[in-house]
Novice: 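First the structure, which I've put down as structure tokens, then a few questions once you've had a look.
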Amino acid sequence: MTELSAVLALPAWGGAEVLAGAPGGVALRGVVLLEAPGQLDETAAVPALVVLTGASWRLAPAWQLDAVLRRAADAGARAVLLAGTDALPVPTRLLCTRLELCVVGADTPLLDLAAAAAVHLAAPEVASARAVLGVSRAVADGRVGTPAGLVGLCAELLGVPVALCDASGAVLHGDRALVVPRPSEPVAQRERTGAGTTAARPVLLPGLRGVQRWLVVRVPGDRGPAAVGPAEDVLAAAATAVAGWLAAERTAVERDARGRAALLTDVLRLTGEPSPELRQRAAAAGWPLAGWHVGVRIRTGSATDVAGLRAEAVRRSAEAGLQLVVAEQGDGWSGWWSTDRSPSAVEVRQLAERFRRLHDGLRQLTGCATGVGRPHQGPAGVARTLSEAADAALLAAGRPEQGRFLHVDQLGVAQTLLAWTRTETFEPAARSLLEPLLSDPSLVRTLAAYLDAESSLSETAAVLGVHRNTVAQRVTRIERLLRVSLSDHEQRLALQLACRAVGPGARSQDPSGPRGPAGL
């Protein structure tokens, strides 16, 4: 908004005189022409300069002019322009003071003054529209094709510092001194400081959670609050362009991710030598299949944008001293480290430490769980070490005391077997085995507790909080429904694993959410 004092300084307003009230601090947004008192209720006079264009206003009785001024003030007007520069009656001036209403008189045509004031008041919106149009045309014409160029154009059009930041608020292009007020809040923001007003606009992409980029501008305090709105309009136009570029990049990233995932699936299916076609695809991707390999599985959970964060995962692996193949797979990444010879035990331990550093770096970003496999040789060794890494990662998710990081050497045979029961290939078979009991959850709980208690009816009754005879009746019913004998060791083992897969607490060791793909 513009102050009345600025309007009074216009050349066209040279003959105007203040007849009542004080012009200082009177902010105006528009001009309202008023020919009759009844029109005032139909106009938006907040906060406006009301121009009494009717010829008889100044000749009207004093009480009628006072009534009009009061109605104008009640409607939100801050200033009134009327014909003539003769002094107003004292009671009228006192009324204007009480109403905080400034009255200006002029002997020149009022419509000319109103037009000059309207053009002046609309100047910020006109400048804003020109700047927004400048950004849109530059992008559409291809004169600006990069985020850095767009930031430079916005700064040039606005004449203030502008920056493009990442989701955390770190500056990518533009003025390094700019700061996003609250990066964790995905909404447009405005913050006033001693240096001026900082405005930030988030760049969002459909289908992705969270802010992808921030556009930030700082309007110096001497520009006034009226300059902030146009700057925000320019940021909005620039955000649309940035979102378009990000969407194009995203399409390319997802296309590459699908290609890597398909190639990884083929590698994981290897049981012998790869076909020439697979060797060619792996070579084109830079994936080593010969030599010795140590696999790693990093489970991030389904909410993580693994395709978008792959470059960050590769960068952090390099920081940890690892040159890895990294591919997106389900709810995380799988990768492997390769060497021409069998690594020694010392080298494997040192390698595990580097995987630990990679895990620590990614954990701050994604809250991941990580498992590392043993060294295995040849193309089929890639699948084998990744399978071990997947089992370790699955169990690592339930071990916060170990930082959710496990090397497969830390797992016993029983734990590895348990991890296998968590896979999607085992679960359908387990569910089919227990199908006759699934309609009565108490039977599944009884079976799991009975097997864990090594067939002790008393201990099972204590665990379940029921009578010993109740447990005996349920066990008899379970054997009848399943047509098995719980005294048979092989059948006991199969049923115990099935209970681990689909029975009570089957997902309790997997706090990261939905399960990953089979085998990983």
Novice: Should Arg404 and Asp360 count as an ion pair when the cut-off is N to O under 4.0 Å?
Specialist: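 No.
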
Novice: Between Arg474 and Glu479, is the closest basic N to carboxylate O distance under 4.0 Å?
Specialist: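 Looking at Arg474 together with Glu479, the answer is no, because their closest N to O distance does not fall below 4.0 Å.
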
Novice: I need the minimum non-hydrogen distance between Gly335 and Leu386, along with the two atoms involved.
Specialist: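 That would be O-CD2, 3.2 Å.
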
Novice: Could you give me the CA-CA distance, side-chain angles and deciding distance for Arg477 and Leu443, then say whether side-chain contact (heavy atoms from CB on, under 4.5 Å) is met?
Specialist: CA-CA 8 Å; Arg477 187 181 173 196; Leu443 294 182; 3.9 Å; yes

Novice: Would you call Glu319 and Arg357 a salt bridge, using N to O less than 4.0 angstrom?
Specialist: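 A salt bridge is absent here (no side-chain N lies under 4.0 Å from a carboxylate O).
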
Novice: How long is the straight-line distance from CD of Glu249 back to OG1 of Thr251, given to the nearest 0.5 Å?
Specialist: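 Nearest 0.5 Å value for the OG1-CD distance: 10.0 Å.
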
Novice: Which heavy atom of Gln189 sits nearest a heavy atom of Pro181, and at what distance?
Specialist: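 That closest heavy-atom pairing would be OE1-CB, 3.4 Å.
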
Novice: Between Val348 and Arg374, is there a side-chain heavy-atom distance shorter than 4.5 Å?
Specialist: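 The answer is no, as the side chains (C-beta and beyond) never meet within the 4.5 Å cut-off.
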
Novice: How close do Val234 and Cys154 get, heavy atom to heavy atom, and via which atoms?
Specialist: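 Minimum heavy-atom separation between Val234 and Cys154: CG1-SG, 3.9 Å.
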
Novice: Evaluate salt bridge (Lys or Arg N to Asp or Glu O under 4.0 Å) for Arg468 paired with Glu459, printing each intermediate quantity in order.
Specialist: CA-CA 9 Å; Arg468 185 176 185 278; Glu459 187 174 341; over 6 Å; no

Novice: Roughly how far, to the nearest 0.5 Å, is OG1 of Thr446 from CG of Leu464?
Specialist: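 Reported to 0.5 Å precision, the distance equals 5.0 Å.
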
Novice: Could you check Arg297 against Glu388 for salt bridge (Lys or Arg N to Asp or Glu O under 4.0 Å), going step by step and ending with a plain yes or no?
Specialist: CA-CA 9 Å; Arg297 170 64 171 155; Glu388 293 176 349; over 6 Å; no

Novice: Considering only heavy atoms from C-beta outward, does the side chain of Asp391 approach that of Val408 to under 4.5 Å?
Specialist: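 The answer is no, as the side chains (C-beta and beyond) never meet within the 4.5 Å cut-off.
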
Novice: Report the distance from atom CZ of Arg363 to atom CG of Leu365, rounding to the nearest 0.5 Å.
Specialist: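 So the gap between those two atoms works out to 12.0 Å.
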
Novice: Tell me yes or no: between the side chains of Asp331 and Thr300, is some donor less than 3.5 Å from an acceptor?
Specialist: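 The criterion, which ignores hydrogens and geometry beyond distance, is not satisfied for Thr300 and Asp331.
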
Novice: Could you go through Leu324 and Val314, starting from their C-alpha distance and side-chain angles, then the distance that decides it, and tell me whether this counts as side-chain contact (heavy atoms from CB on, under 4.5 Å)?
Specialist: CA-CA 7 Å; Leu324 295 179; Val314 172; over 6 Å; no

Novice: Taking the basic N atoms (NZ, or NE/NH1/NH2) and the acidic carboxylate oxygens, is any pair closer than 4.0 Å for Arg250 and Glu254?
Specialist: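 Yes, Arg250 and Glu254 are salt-bridged.
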
Novice: Going by an N to O cut-off under 4.0 Å, is there a salt bridge joining Asp266 and Arg281?
Specialist: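 Looking at Asp266 and Arg281, the cut-off is met.
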
Novice: Where is the tightest heavy-atom contact between Ala307 and Ala257, given as atom of each residue plus distance?
Specialist: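 Heavy atoms of Ala307 and Ala257 come nearest at CB-CB, 4.1 Å.
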
Novice: As a quick check of understanding, evaluate side-chain contact (heavy atoms from CB on, under 4.5 Å) for Trp214 and Asp166, giving each step before the final call.
Specialist: CA-CA 6 Å; Trp214 285 98; Asp166 65 9; over 6 Å; no

Novice: Quick one: pull up CG in Leu178 and CG in Asp175 and give me the separation to the nearest 0.5 Å.
Specialist: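 Here the interatomic distance stands at 4.5 Å.
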
Novice: Tell me, which pairs form a ring-ring contact (aromatic ring centres under 6.0 Å, His included) where one or both residues lie in residues 270-292, sequence neighbours left out?
Specialist: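 For residues 270-292: Trp287-Trp336.
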
Novice: Does Glu328 come within less than 4.0 Å of Arg258, counting only side-chain N to carboxylate O?
Specialist: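 Looking at Glu328 and Arg258, the cut-off is not met.
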
Novice: Before giving the answer on side-chain contact (heavy atoms from CB on, under 4.5 Å), spell out for Val484 and Leu486 the whole-Å C-alpha distance, their side-chain angles and the decisive distance to 0.1 Å.
Specialist: CA-CA 6 Å; Val484 299; Leu486 294 181; 4.3 Å; yes

Novice: For residues 350-371, pull every pair meeting ring-ring contact (aromatic ring centres under 6.0 Å, His included), keeping only residues two or more places apart or in separate chains.
Specialist: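 Output for this query lists His359-Phe405.
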
Novice: Should Arg315 and Glu312 count as an ion pair when the cut-off is N to O under 4.0 Å?
Specialist: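 Result for this pair is yes, salt bridge flagged.
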
Novice: With no hydrogens and no angle check, just 3.5 Å: does a side-chain donor-acceptor pair link Ser458 and Ser456?
Specialist: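 Side-chain D/A pair, Ser458 to Ser456: absent.
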
Novice: Of all heavy-atom pairs between Ser334 and Leu264, which one has the smallest distance, and what is that distance?
Specialist: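 Nearest pair, atom of Ser334 first, then Leu264: CB-CD2, 3.9 Å.
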
Novice: Answer yes if the side chains of Ser455 and Arg492 hold a donor-acceptor pair under 3.5 Å, and no otherwise.
Specialist: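 On atom types as modelled, these side chains qualify, holding a pair under 3.5 Å.
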
Novice: Does any donor atom in the side chain of Gln377 or His293 lie under 3.5 Å from an acceptor atom in the other side chain?
Specialist: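 On atom types as modelled, these side chains do not qualify, holding no pair under 3.5 Å.
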
Novice: To the nearest 0.5 angstrom, please state how far the CG atom of Leu495 sits from the CG atom of Leu437.
Specialist: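 Reported value, rounded in 0.5 Å steps: 8.5 Å.
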
Novice: Flag the pair Arg310 and Asp256 as a salt bridge only when some basic side-chain nitrogen lies within less than 4.0 angstrom of an acidic carboxylate oxygen.
Specialist: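 No.
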
